[in-house]
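Report on one structure; see the data block that follows.
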Amino acid sequence: MRINKYLATMGIASRRKAEKYVLEGRIKINGNTVYDLSTKVDLENDIIELDEVVLSKNFDKKIYILLNKPEGYITTVKDQFNRKNVLDLIKDIDERLYPVGRLDYETSGLLLLTNDGDLTYKITHPKHEIDKIYLASVKGIPSREEIKKFESGLKIDDYITSKAKLQIIKKDSIKDYSVCKITIHEGHNRQVRKMLEKIGHPVMNLKRIQLGNIKLGNLEKGKYRHLTNEEVEYLKNE
Ligand code: URA
């Protein structure tokens with residue numbers, strides 16, 4: 001792609017203005033000023049700058065980030081209350097990223113962010129049934145009966161939940177709470193909270209720890225890392 005077309009496509013300038021920038025020597029490709037309007041850019045590899053500001057390190061590069069979302073951040077783009085957004089936590093990445101699915105404002109844990117729309121679609125589509133695993137601290141201790149109900153399907157709003165799993169991994173009958181490991185593969189709004197509420201054990205704290213075989217591990221809250229190539233391949237083939 002020619003440099004002026006690239007600048008226009010990126011929304012940096014009109015074609016005519018882009019030509020002006022080039023002729024004025026304001027554009028650099030890989031550190032070298034270009035004056036020739038017919039200069040082509042390699043979208044995969046070139047670093048393009050306008051007035052020393054990098055426009056895009058890599059036009060078509062796909063980025064995959066795993067964030068440990070803290071409580072008190074939203075994952076949707078717009079918010080009428082001006083609350084903090086998970087994207088505020090991503091500092092050194094120029095590409096526009098989008099959260100893959102949602103976590104509630106009060107939920108913490110594993111959240112993927114990417115600019116790969118195909119992968120987002122794939123992971124969030126219910127028919128792919130990718131497991132989502134959560135740790136939920138709940139009021140009280142679910143009984144066998146309640147666990148059975150939870151696992152075999154509950155009527156929530158206007159849908160019935162599909163197969164789910166609930167394992168109690170810690171219980172404290174004096175303080176009357178328990179920690180449950182929950183596995184679901186759907187992604188309805190506030191689904192885990194609503195399911196636990198329905199069986200009489202409201203959530204006090206909720207954290208996502210795993211998506212398919214991708215694990216949060218011991219990543220600190222508010223920190224993020226790039227997915228490994230193996231993890232990206234796994235998600236693409238899931
Ligand atoms: N289920 C919920 O209730 N909340 C989340 O954030 C994710 C799943």
Side-chain angles (χ1 to χ4, degrees), residues 65-81 83-90 97-114 119-142 146-147 149-170 177-217 219-224 235 238:
I65 297 289
L66 187 164
L67 168 73
N68 185 352
K69 175 195 174 296
E71 296 88 347
Y73 281 79
I74 54 162
T75 52
T76 42
V77 179
K78 282 230 169 84
D79 182 50
Q80 67 199 93
F81 306 111
R83 292 176 295 183
K84 287 180 283 185
N85 191 296
V86 287
L87 294 171
D88 301 339
L89 296 163
I90 311 297
L97 299 178
Y98 300 89
V100 178
R102 281 178 308 203
L103 283 182
D104 299 335
Y105 182 68
E106 319 90 300
T107 302
S108 66
L110 188 160
L111 181 70
L112 297 185
L113 300 151
T114 184
L119 191 71
T120 300
Y121 177 77
K122 187 165 187 258
I123 297 174
T124 51
H125 201 286
K127 83 167 193 269
H128 285 104
E129 307 201 344
I130 192 163
D131 280 350
K132 298 170 185 131
I133 306 183
Y134 298 85
L135 283 186
S137 303
V138 303
K139 280 211 178 124
I141 300 164
E146 289 163 341
I147 295 174
K149 271 204 233 160
F150 183 98
E151 294 189 333
S152 53
L154 295 166
K155 171 132 179 38
I156 306 276
D157 303 333
D158 57 352
Y159 63 93
I160 294 178
T161 59
S162 55
K163 253 182 31 206
K165 225 166 128 184
L166 188 162
Q167 281 170 278
I168 297 176
I169 57 172
K170 181 179 167 185
Y177 85 99
S178 52
V179 179
C180 306
K181 186 174 169 187
I182 307 291
T183 306
I184 61 168
H185 59 254
E186 302 164 294
H188 293 287
N189 187 31
R190 301 180 76 82
Q191 184 172 342
V192 174
R193 291 175 194 275
K194 286 178 181 174
M195 287 174 80
L196 285 161
E197 176 92 43
K198 189 92 187 191
I199 59 161
H201 298 281
V203 167
M204 299 183 296
N205 191 284
L206 186 64
K207 176 182 181 181
R208 181 156 66 192
I209 54 166
Q210 200 167 327
L211 184 71
N213 70 9
I214 303 204
K215 294 186 174 147
L216 181 63
L219 192 65
E220 257 178 70
K221 251 185 213 175
K223 299 276 190 244
Y224 55 94
L235 287 173
E238 223 340 76

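Heavy atoms only: backbone and side chains are in, while hydrogens, waters and symmetry mates are out. Remember, it's 1-based here, ligands and their atoms both numbered in the order they're listed.
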Out of all atoms in ligand 1, which are within 4.0 Å of some heavy atom of Thr107? Include the element for each. 4 (N), 5 (C), 6 (O)
To check your reading of the model: name the closest protein heavy atom to atom 8 (C) of ligand 1, its residue, and the distance in Å. Tyr134 OH, 3.3 Å
Close side-chain approach of Ile168 to Ile141, heavy-atom, < 4.5 Å: yes
List the closest protein heavy-atom neighbour of atom 1 (N) of ligand 1: residue, atom name, distance to the nearest 0.1 Å. Val192 N, 3.2 Å
Measure from the side-chain N and O atoms of His201 to the backbone N and O of Lys139, and report whether any donor-acceptor pair falls under 3.5 Å. yes
With side chain to side chain contact (heavy atoms under 4.5 Å, CB included) as the test, pick out the partner of Leu113 among Leu66, Thr120, Leu87. Leu87
For Thr161 and Glu186, which I'm curious about, is there any donor-acceptor pair between the side chains at under 3.5 Å? no
Does Arg190, backbone or side chain, put an N or O under 3.5 Å from an N or O of ligand 1? yes
Determine whether the side chain, the backbone, both or neither of Val203 has a heavy atom under 4.0 Å from any heavy atom of ligand 1. neither
Could you check atom 6 (O) of ligand 1 against the protein and tell me its nearest heavy-atom contact, residue, atom and distance included? Asp104 N, 2.8 Å
Taking the side chain from Lys69 and the backbone from Thr107, do they hold a donor-acceptor pair closer than 3.5 Å? yes
Polar side-chain atom of Asp104 near backbone of Glu106 as donor-acceptor pair, under 3.5 Å: no
Using a plain distance cutoff, I'd like to know if Arg193 has any nitrogen or oxygen under 3.5 Å from a nitrogen or oxygen of ligand 1. yes
